[in-house]
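One structure is given below, encoded as C-alpha cells.
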Amino acid sequence: MSENQNQVMKQEHAGFPWKQVIGLVLSLALTFLALWIAVGLSLPVHVTLTIIVGLAIFQAFIQLFMFMHVTEGTEPVHQVIGILFGIYVAFAVVAGTIWILAYTI
Amino acid sequence: MIESIKSFLGYFFVTGDPMIYGADASIALASIGIVVVLTYFKKWKWLWEEWLTTVDHKRIGIMYIIAALLMLFRGGVDALMMRTQLTLPNLHFLNSEHYNQVFTTHGTIMIIFVAMPFIFGLMNIAVPLQIGARDVAFPFLNALSFWLFFAGAMLFNLSFVIGGSPDAGWSGYAPFAGAELNPGVGQNYYVLGVQISGIGSLATGINFLVTIIKMRAPGMTLFKMPMFTWSILITSVIVVFAFPAFTVALALMTIDRLFGAHFFTIAAGGSPMLWANLFWFWGHPEVYIVLLPVFGIFSEVIATFAHKTLFGYAVMVWSMVAISVLSFITWLHHFFTMGNTAPVNAFFSVSTMLIAIPTGVKIFNWLFTLNKGRIEFTTPMLWALAFIPNFTIGGITGVMLAMAPADYQYHNSYFLVAHFHSTLIAGTVFGIFCGLHYWWPKMFGYLLDERKGKWSFWIFMISFNICFMPMYFLGLMGMTRRMYTYPAGLGWTPINIVITIGAFGMGLGFIIMAWNIIWSAIHGKRDTTGDPWGGRTLEWTTSSPAPEYNFAHIPEISTRDPLAAMKEGKTGDLRKSSKPYEPIHMPNNSGIPVIMSGFMFIAGFGFVFEWYWMGIPGLIGVVACMIARSFVYNDHHYIPVDEIEKTEAATGRLS
Amino acid sequence: MMDSLLSQKNKSTLPLEYSTEEGDLRIVGFWIFLAAELVLFGTLFGTYLVLQSHTAGGPNAHDLFEIGPVMAETIVLLVSSFTCGLSTMELRRHNNKGLIGWLIITILLGLVFVGLEANEFYTYAAHEGATLSTSAFLSGFFILLGTHGCHVSLGIVWIIGILLQLRKRGITPVTARKAFMVGLYWHFLDVVWIFIFTAVYLTGWVI
Amino acid sequence: MKNLITMIKPAILLLALPLITGCSDKIAVLNPQGPVARSQYHLIIWSLIMMSLVLAIVLILFVYVLARYGRKNSKGFDPNDTGNRKLEIVWMIIPVIICVLLAVPTVQTLYALNHPPKATATPAKLAGKTLTIDVTSVQWKWLFRYPDQKIETVNYAVIPAGTPVKFRLHAYDAMNAFWVPELGGQQYTMTDMPMKLWLQADKPGNYDGRSSNYSGRGFAHMTFTIMARNATDFDNWVNDVKQNKPALSLNGYKKLLQPDTVKPQAFSSYPKLAEKDLNKAQMQALEAGKSTKNDSMQGMKMDKNMDMDHNGKGGHHDD
C-alpha cells in the first residue's frame with residue numbers, strides 16, 4: 001500500500017458520514033414504523049406479520065449495505081454468494097420447521 | 001468415607017462386564033506402552049515439535065487418517081459384536097443394554113469419527129496440492145479443527161469405560177434421549193463429544209471453502225479445477241451451512257439435559273419431534289458431506305486409470321451444485337411417518353427424487369469416462385469400479401424410499417439399514433479406501449502392495465454384498481433395526497446367519513488392508529518420481545512426500561488436467577522453472593490448538609458429569625487460549641533460498 | 001469465468017485491511033462464518049417460532065413483554081451499530097484516535113444493552129416466575145435471546161482485545177483487519193436483533 | 001396408473017418370483033392383506049420395476065465398457081472423447097421422466113391414504129361403518145383401547161375384517177412406531193401429538209405387528225398381534241371380553257404404565273383416566289396433585305390449533 005493511495009483513501013472518506021447517518025435514521029424509522037403497525041394498528045394478524053417481516057428484511061439489507069459494505073473486497077462475489085446461500089438455508093430451516101411442525105395431524 | 005469412594009468408583013467406572021474390563025486393561029496397557037516407547041526412544045520432543053504442534057496440512061491430514069483408521073477399527077468391532085449377537089434367534093452374547101450401547105456408538109463413530117475425519121484427512125492431503133497452494137487458507141485453524149475433532153472423539157470413546165456409553169441410537173431421538181427417560185452420563189457424552197468435534201468440522205468447512213476460492217494457482221479458473229477439488233468446494237459449502245443447525249440442536253439437547261429446559265421433553269410443552277426435525281436438517285446434508293468428496297475421488301481415479309479426461313466435466317460440476325442446493329430441502333424424508341400432512345410429505349418426496357437426477361447423471365458420466373478408455377485395474381481403480389454397481393443399488397433403493405407411502409413400509413426396517421449401508425459403504429467406505437490407496441504414495445513416499453490390496457478389495461467387496469443384500473429381504477419380512485434379538489420361527493434365521501458371515505468377511509478384508517499397510521511400510525515399492533500412477537493433476541508434479549512448502553515455484557496453469565497436458569506435450573514443464581527461487585513464507589507451528597483442545601476436553605468431561613467446578617475452568621481455558629492467540633503477531637517465518645535449493649536438489653528437480 | 005471477470009478489480013484501490021493476502025483471506029472467511037451464523041440463528045428462530053404457543057400454562061408473550069424496555073434495548077443496539085459504523089469510517093481515514101474513541105462508545109452501548117437484557121431476564125424470572133424450565137416457549141425465548149446476548153458479550157471482550165492491540169501497534173494491516181472484522185460482527189448482531197425484535201416481541205404482541 | 005399395473009402384472013410376477021419363491025407369506029411387505037398395504041405394495045412393485053430398469057442399464061453399460069476397454073490391447077482408445085451434449089441431455093431427461101412416473105402415483109397414494117379404505121365386509125349393514133381404536137405405546141408394550149366398546153387389550157387387538165379401522169396413535173413416554181406390515185405402513189406414536197392410521201384387513205387372520213422405532217431396553221419385545229375376525233366373531237369377542245375378563249383398575253392401569261414388558265391381556269373396562277391419553281409428564285403432574293396444570297397442558301394442543309387458524313389455513317383434523 002503506497003503512500004499516495006492512502007491519500008486517495010483519506011480523501012474518499014473525508015467529510016460527513018452521510019451513509020452511516022442515513023442508515024441510522026432509516027433503521028430507527030423502520031423500527032418505530034413496525035412497532036406502530038404491530039401495536040398501534042389492528043390489521044388482520046397475517047397482514048401485520050407479513051408487513052413487519054418485510055420491514056425487518058428491508059432493515060437487514062440497510063445494515064448489510066450501509067454499514068457492512070457487503071460488496072467490498074478483492075472478489076466480493078464470494079461473500080455475496082455466501083450470504084445469499086446462508087439466507088437460503090436459514091429460510092429453509094425456519095419455513096420448513098414451521099411448516100412441518102405446525103401442520104402435523 | 002471408603003464406602004462413598006467405593007460408590008463413586010462404581011458410578012465412575014463402567015463395571016460388571018468382562019469385555020469392558022478387557023478394554024480397561026488394554027487401554028491402560030496401550031497407554032503405558034506408548035509412554036514407555038516414546039520415553040525410551042526419546043521421542044517426546046519429536047512428537048511435540050513435528051506432529052502435535054504442526055500446522056502443515058499434509059501432517060494434519062495424516063493425523064486425521066490415523067485417527068479415522070483407529071476409529072474404524074472400533075466401529076467395526078462394534079458391528080461384529082452386533083452381528084454375532086444377531087446370528088441366531090434368542091442369543092445372549094450381548095444383553096439388551098449392551099447391544100443398545102454398541103449400535104449407538106457404532107453409528108455415531110462411523111459417521112462422525114470415521115467418515116468425516118477420513119474425508120477431512122484426504123482433502124487436507126490432496127486439495128492444497130491439487131490447486132498448487134503452499135498450505136490451506138488458515139493453517140492454525142486447520143490444526144485447531146483436527147485437535148477439536150480428536151478431543152471430541154476421545155471424549156466420546158471414554159464413555160465406554162468411564163460412566164457408561166450412550167444408548168439412544170446415533171440419531172439420539174427425543175424424548176428417549178432426554179434426561180427423564182435416559183438419566184446418567186451416556187447421552188451427555190454423545191451431545192458433548194459430537195458437539196466438540198462438530199465445531200472443528202465447521203471450521204474445516206470455512207477453511208477449505210476459502211482455500212479453494214482464493215488460493216488456486218494462477219490460471220486455474222473454477223472450471224479448470226480438478227474434480228476432487230470441486231467436490232470439496234461443494235462439500236465445504238454444505239458443511240458450513242449444515243453444521244450450525246446441528247450445533248444448535250445439540251446445544252438445545254444439552255441444555256435440556258443439564259439445565260432443565262423443555263425443548264424436546266415430554267413435559268411443559270416440549271416437542272420431541274422438533275429434535276428429529278433439527279437433527280435431520282443437519283443429518284441429510286451430512287449424507288452428502290460424506291458422499292460428494294468420494295464422488296470427487298472416484299472422478300480422479302477413474303480419469304487417471306482410464307487414461308482419459310473426465311467425460312462431461314461441466315455437467316459433473318453442475319450436478320454437484322444442484323445436489324448442494326437440493327440437499328437442504330429433503331430432510332423430512334427421514335421422518336415421513338411422523339404424521340405429516342399429505343402436502344408436506346408430497347413436497348419432500350418429490351424433492352428427494354429430484355436429487356436422484358444429478359446423482360444418476362454422474363453415474364453415466366463415469367461410465368462414459370470409462371468408455372473408449374484404456375482401463376488399468378489397479379487397486380484404487382478396483383475400488384472405484386466396484387463403487388458404480390454397488391452404489392447404484394443404494395441409489396435406486398434410495399429412490400424407492402423417497403416415495404413416502406412406500407416408505408411407510410420400509411422405514412426403520414432392515415430395508416433402510418441395507419439402503420444406507422449400500423450408499424455409505426459402497427460410496428464413502430469404498431471411496432476412502434480408494435483415496436487411501438491412490439494418495440498413499442503422496443503421503444508417505446511408498447506404494448501399498450498391489451497383490452495384498454487386491455485381495456483385501458475382493459474379500460471386502462464380496463463380503464459387503466453377502467452382508468447387505470440379504471438385509472433388503474429381512475426388512476421386507478418385517479425385521480426392524482436396533483432389535484437386540486428376535487424370536488425363532490419368523491424365517492429370519494438363515495438370512496441373519498448369512499449376514500453375519502458377510503460382516504466377518506468385511507472384517508477380514510480390513511485386516512488384510514491393515515496388514516498391507518504394515519507390510520508395505522517395510523517392503524513397499526518406493527515412489528521416487530512423485531508420479532507413480534501416471535497422474536493428471538498437480539499433486540503428482542511435486543515429490544512424494546511433498547516438501548513442507550509443496551511447490552518451490554507456484555505452477556502456472558492453462559488447462560484442465562495440467563500434468564496430463566504436459567505429458568502430451570501440450571504445455572511446458574510444470575516441474576521446472578527458470579525463475580530463481582525466492583524465500584517462502586510459511587506459518588509457524590503452534591501449541592495453542594492442542595492445548596486449547598485439551599481445555600475443551602476437560603470442559604466437556606466436566607459437563608458430562610455435571611461437575612461445573614471442572615467444566616467452567618475448562619471453558620475459561622479455551623477462551624484464554626483464544627485471547628492468547630489474538631496477541632500472537634510473530635506467526636510466520638521464511639524458508640531461505642539455500643534450504644529450498646537443498647530440498648529440491650535432493651528430489652532431483654534442480655537442474 | 002465470472003471469477004476472473006471480478007478479479008479484474010484492482011486490488012490497490014481497496015482499504016488497508018485487504019492489502020495483505022492474509023487479511024483478504026480472513027475477511028472472506030469471516031463473511032462465510034457470518035453466513036453460517038445466519039443458519040445458526042435461523043435454527044434458533046425456527047425452534048422459537050414452533051414453541052411459541054407451547055406455554056404449558058405458564059406466562060405467554062402477552063404477559064411478559066413490555067414495550068418500554070424492549071424499545072430501549074433496540075434503540076441502544078441500533079445506535080451502537082451506528083457508532084461502530086463510524087469507527088470503521090475512522091479506520092478508513094487512518095485516524096487511530098477516532099477509531100478507538102468510537103469503539104469505546106460502541107462497547108459502552110453494548111454494555112448498556114447487555115445490562116438492559118439481563119434486567120429484562122431478571123424481571124421475568126423474579127416477578128413472573130418465568131425461567132428456562134417453566135415451559136418450552138420460555139426455553140426457546142431465553143436461549144434465542146441468550147445466544148444473541150452471549151454473542152454481544154463476546155463482541156465486547158473481543159473489542160477490548162482489539163483496543164489494546166490498536167493502542168500498542170496503531171493501525172497496521174493486521175489491526176485494521178481485526179477492527180474491520182469486529183465491526184462486521186457487531187453489525188451482524190444488530191441484524192439478528194432486528195429479527196428478534198420482529199419475530200419475538202412484535203409477533204408476541206400481535207398474536 | 002391402475003391400467004398400467006394390470007397390464008404389466010405378468011412382468012411383476014416374473015420379477016417378484018425370485019423374491020417370493022418358497023416363503024411368500026414370510027415376506028410380509030410383499031404379502032399385503034388389506035387395501036392400505038396393497039396400495040403401498042403396488043407402489044413398491046412399480047418402483048421396483050422402474051429401478052430394475054435403471055439398474056439393468058447401468059449394469060449392461062458397466063459390463064460392456066469393462067469388457068471392451070479393460071483389455072490390455074483393446075482398440076478404440078480415444079482420449080479426446082470428453083463429452084457429448086446430446087447423450088448427456090438424454091440421460092438427464094430419462095431420469096426426469098422416471099421421477100415423474102414415480103412421483104405421480106406417490107402423491108396420489110399419499111392423498112388417498114388420508115381417507116379410510118373402502119369397506120369390504122360382507123353384511124351390507126356394515127358398509128360405511130368404521131372402528132376406532134386408541135393405541136398407546138408404553139415402554140415396552142402396546143395398549144389398545146376401544147372407546148366405543150369400552151374395553152381394553154394389551155399387546156393384541158381384534159378387529160373386524162373388511163371394516164376400516166382408525167388407529168389413533170399416542171405415546172405415553174418414548175417415541176415408538178406402530179407397524180403391521182401385512183396390513184399397511186407404519187406411523188410414529190408421540191407424546192404431544194395424536195396421529196391416525198387407517199388400516200383394514202381383507203379377511204380373518206392374525207397379523208404380526210411390532211414397534212419399529214427404538215425405545216429402549218425392552219424394545220425388541222414390543223410386538224403385538226392384530227387379529228382380524230369376521231363381523232360376528234368380532235362382536236362375540238367383544239361380548240366375551242366384557243363378560244369374562246377382569247376390569248382394569250386404576251392401579252392396574254398405572255402398573256401397566258411402568259416400563260416393563262408384559263404378556264397379552266384383555267380387560268372388560270378401563271378407568272376413566274385412561275380416556276385422557278395423558279403422557280408421562282401429565283400423569284406425574286396429576287400424581288403430584290397438580291390437576292389444574294394438566295388441563296392447561298391439554299390446552300396446549302388447542303393453542304396449536306388456534307395458531308393454525310390464525311394463519312388462515314386451519315388444521316387437518318378430519319376426525
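The structure presented is a predicted model; accordingly, all values stated were derived computationally and were not measured. Here is the naming used below: chain letters follow the sequence lines, and residue numbers restart at 1 for every chain.
Counting heavy-atom pairs under 4.5 Å between each of Y201(C), F180(C), W205(C), F195(C) and chain A puts F195(C) at the top. For the options P173(C), S81(C), A199(C), C84(C), heavy-atom pairs under 4.5 Å to chain A are most numerous at S81(C). Residue with the most contacts toward chain A among N95(C), I194(C), L86(C), V191(C): I194(C) (heavy-atom pairs, distance under 4.5 Å). For the set V70(C), I75(C), I32(C), the count of heavy-atom pairs under 4.5 angstrom toward chain A peaks at I75(C). When each of I37(A), L84(A), V39(A) is scored by its heavy-atom pairs under 4.5 Å with chain C, the top score falls to V39(A). Ranking V89(A), T31(A), V53(A), L64(A) against chain C, the residue ahead of the rest is T31(A), based on heavy-atom pairs under 4.5 Å. Of the listed residues (V21(A), T48(A), L43(A), I62(A)), the greatest number of heavy-atom pairs within a distance under 4.5 Å of chain C belongs to V21(A). The candidate from G23(A), A56(A), S27(A) with the greatest count of non-hydrogen atom pairs under 4.5 Å with chain C is A56(A). Interface summary for chain C: among A60(A), A95(A), G82(A), the most heavy-atom pairs under 4.5 angstrom belong to A60(A).
Smallest separation of non-hydrogen atoms from G42(C) and A90(A): CA-CB, 4.5 Å. Nearest heavy-atom pair across L24(A) and L78(C) is CD1-O, 3.7 Å. Between A38(A) and V206(C) the shortest heavy-atom distance is CB-CG2, 3.7 Å. Annotation for G86(A) and L38(C): closest pair C-CD1, 3.9 Å, computed over non-hydrogen atoms.
Separating the CD1 atom in I22(A) from the CZ atom in F82(C) is a distance of 10.5 Å, to the nearest 0.5 Å. In this structure, CD1 on I27(C) lies 8.5 Å from CD on Q79(A), to the nearest 0.5 angstrom.
Interface remark: I57(A) contributes backbone and side-chain atoms alike to the contact with chain C (heavy atom separation under 4.5 Å). Only the side chain of F197(C) comes within contact range of chain A, judged by heavy atoms closer than 4.5 Å. Proximity to chain A (any heavy atom under 4.5 Å) is restricted, for I67(C), to the side chain, taken from C-beta onward. The parts of F188(C) that come within reach of chain A are both its backbone and its side chain, each placing non-hydrogen atoms under 4.5 angstrom from that chain. Contact annotation for L184(C): both backbone and side-chain heavy atoms come within less than 4.5 Å of a heavy atom of chain A. Neither the backbone nor the side chain of V192(C) has a heavy atom closer than 4.5 Å to any heavy atom of chain A. Heavy atoms of T198(C) lying under 4.5 Å from chain A belong to its backbone as well as its side chain.
Around CZ of R169(C), the count of heavy atoms belonging to other residues, nucleotides or ligands within 6.0 Å exceeds 12. Atom CZ of F121(C) has more than 12 heavy atoms from other residues, nucleotides or ligands within 6.0 Å.
At a threshold of 4.5 Å between non-hydrogen side-chain atoms, the residues T47(C) and T97(A) do not count as touching. The shortest side-chain heavy-atom distance between Q63(A) and L189(C) does not fall under the 4.5 Å cut-off. Looking at F32(A) and M71(C), their side chains come closer than 4.5 Å, going by heavy atoms from C-beta outward.
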